[in-house]
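I have placed the structure first, in the form of structure tokens, so that the comments after it can refer back to it.
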2 protein chains.
Amino acid sequence: MSDPLNLVFPSGPRFQPLGRDGLVDRVANLLAEAIMAGRILPGARLSESTIARDMGLSRAPVREAARLLESSGLVEYRTNRGFFVQTVSSAALDNLYEFRIVIERAAIARLVASGAQDTLPLLRAQLAELYRVAQAGEDMTRQVEADMTFHRLICRGSGNPRFLTVFDQIANETKLGLILIGRLYDDPHRMAETHEPIIEAIAAGDSDAAVNAIDYHIGTARTLVCHRFRLLEDKTAP
Amino acid sequence: MSDPLNLVFPSGPRFQPLGRDGLVDRVANLLAEAIMAGRILPGARLSESTIARDMGLSRAPVREAARLLESSGLVEYRTNRGFFVQTVSSAALDNLYEFRIVIERAAIARLVASGAQDTLPLLRAQLAELYRVAQAGEDMTRQVEADMTFHRLICRGSGNPRFLTVFDQIANETKLGLILIGRLYDDPHRMAETHEPIIEAIAAGDSDAAVNAIDYHIGTARTLVCHRFRLLEDKTAP
DNA sequence: TCAATGTCGATTGTCGACAATATCCTTGAC
DNA sequence: GTCAAGGATATTGTCGACAATCGACATTGA
């Protein structure tokens, strides 16, 4: 770059780096959003041509986007059949939560061990956000999003990027399950509260307490979510 | 089906299900093999056109294969730049092993809790295979492959398919690291032996012992591998 | 009636071509 | 000599078209 005196941007660049991710990522985001908003139901086929036509582009980027979504578990690919929205079962959700407990227990232990100076304020801010969306009565998607962001921060702060990578891979599937249920807690304010003990334990630097707190937190969600989902399954196919 | 007397297939079907995986999977396997055999070095660019020309097909399946490899960590994608073979660092390997410990500890605990009736014989057979490749002095790749298969069985037997999925995602990266080092143990027979305590603990149904055994086993490999790799790094870039 | 087979429409699989972008090399000014 | 600007070249990004394959329905024959 020229412009060494910053004549164009007197106080640094004023624009967001303007997503250098190409068309494929945008398509992937659009699809993910559509799936998680329930506009495309689980099990439905993702017709490449239809999507491409709707979005006004060719099939190539749509295919690549679908492959991307496949690796985050939102979509399943069958050779010569195409892409299908991943179906969710209560059993799969249970497995997912069991796995999340394993990951996040380890992540939070490392987070506490490292001191968590950077992460703690972020967690507090995210907790405030959780209260805010609860107060404002925002829709399900926002609430789930805010919750997952909180847990993502824990994985991010673990110091081992691998935890974050894997968390991101399974995050969408979790979101999908939660949104399918339609409501997570009857009282979203109560749901926000359940994050308090986690933060307290981290702040206190008590590793065991933190692990127990996250264990209890996710474990509670696990039984609740799986129970709710089982009811949903029974209602759909008795 | 007619043929109730099984005249055509007197004792059931005689044909293997004839792999229905298309061109993309074959390309992906070829590429993975080339990378892990060291024929393409870490950091190298994967030229779509070159590969396509070499394999005698168009770029489309090559691209998709590369995307597939990306999700298993063998390849990195940079928009408008293309695909690059993932670079490995001792730090990344350390993170990888730390993560594997978390996963496999949890997996083996569940395996033991379930009784492990199906898995135990498979593990014994795989251990025999480990001794065999050690005895036969087979090449590095085979040894690493046999080792990873052993650990894969543990994840497979955990009862939660998620453990297997994630293991498979990171398995290739581990293999790559191991093969880059060029030798894992000076004495491959010794390496095979270190799997014995794991099997014993599982057979005894002792969950804690099994967790400790796998912890020790992977932990030992971790320090050894990372140490070796650091030496390699120092030699390459002092 | 029912199972096996043939046919058809729709969808994915692969391809070659062109446009957009990055990299590299040359060129020129200081 | 160094560095920036510009163009040449190679690579990726996207496209539209054709071939291969699948699932469903009609047809056939026992």
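Predicted model only: the values in this text are computed from it and were never measured.
Residues passing the ring-ring contact (aromatic ring centres under 6.0 Å, His included) test with B:F84, sequence neighbours excluded: none. Evaluation of the salt bridge (Lys or Arg N to Asp or Glu O under 4.0 Å) rule for B:E173 yields A:R162 as partners, not counting sequence neighbours. In this view, A:F167 satisfies the ring-ring contact (aromatic ring centres under 6.0 Å, His included) rule with no residue, not counting sequence neighbours.
Rounded to an integer number of Å, the gap from B:L46 CG to D:dG13 C1' is 17 Å. Computed from coordinates, the A:R78 CZ to C:dG13 P distance equals 13 Å when rounded to whole Å. As a whole-Å value, the separation of B:M55 CE from C:dG13 C1' is 17 Å. Rounded to a whole Å, the CG atom of B:N80 is 9 Å from the P atom of C:dT23.
Heavy-atom neighbours of A:R222 CZ from other residues, nucleotides or ligands within 6.0 Å: above the threshold of 12.
Within the nucleic acid shown, A:Y77 comes within 4.0 Å of sugar-phosphate atoms alone, with no base atom in reach, counting heavy atoms only.
A sub-4.0 Å separation between OP1 or OP2 of C:dT23 and a side-chain N or O of B:R81 is present. For B:S49, no side-chain nitrogen or oxygen approaches OP1 or OP2 of D:dA10 to under 4.0 Å.
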Which pairs of donor and acceptor atoms, one on a side chain in residues 116-127 of chain A, lie under 3.5 Å apart (sequence neighbours left out)?
unit_1 : atom_1 : unit_2 : atom_2 : d
A:Q126 : NE2    : A:A146 : O      : 3.0

Would you list the protein and nucleotides 14-17 of chain D atom pairs, both N or O, that sit under 3.5 Å from each other?
unit_1 : atom_1 : unit_2 : atom_2 : d
D:dC15 : OP2    : A:S58  : N      : 2.8
D:dC15 : OP2    : A:S58  : OG     : 3.3

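Under the ring-ring contact (aromatic ring centres under 6.0 Å, His included) criterion, the residue pairs touching residues 57-80 of chain B are B:Y77-B:F83, with sequence neighbours excluded.
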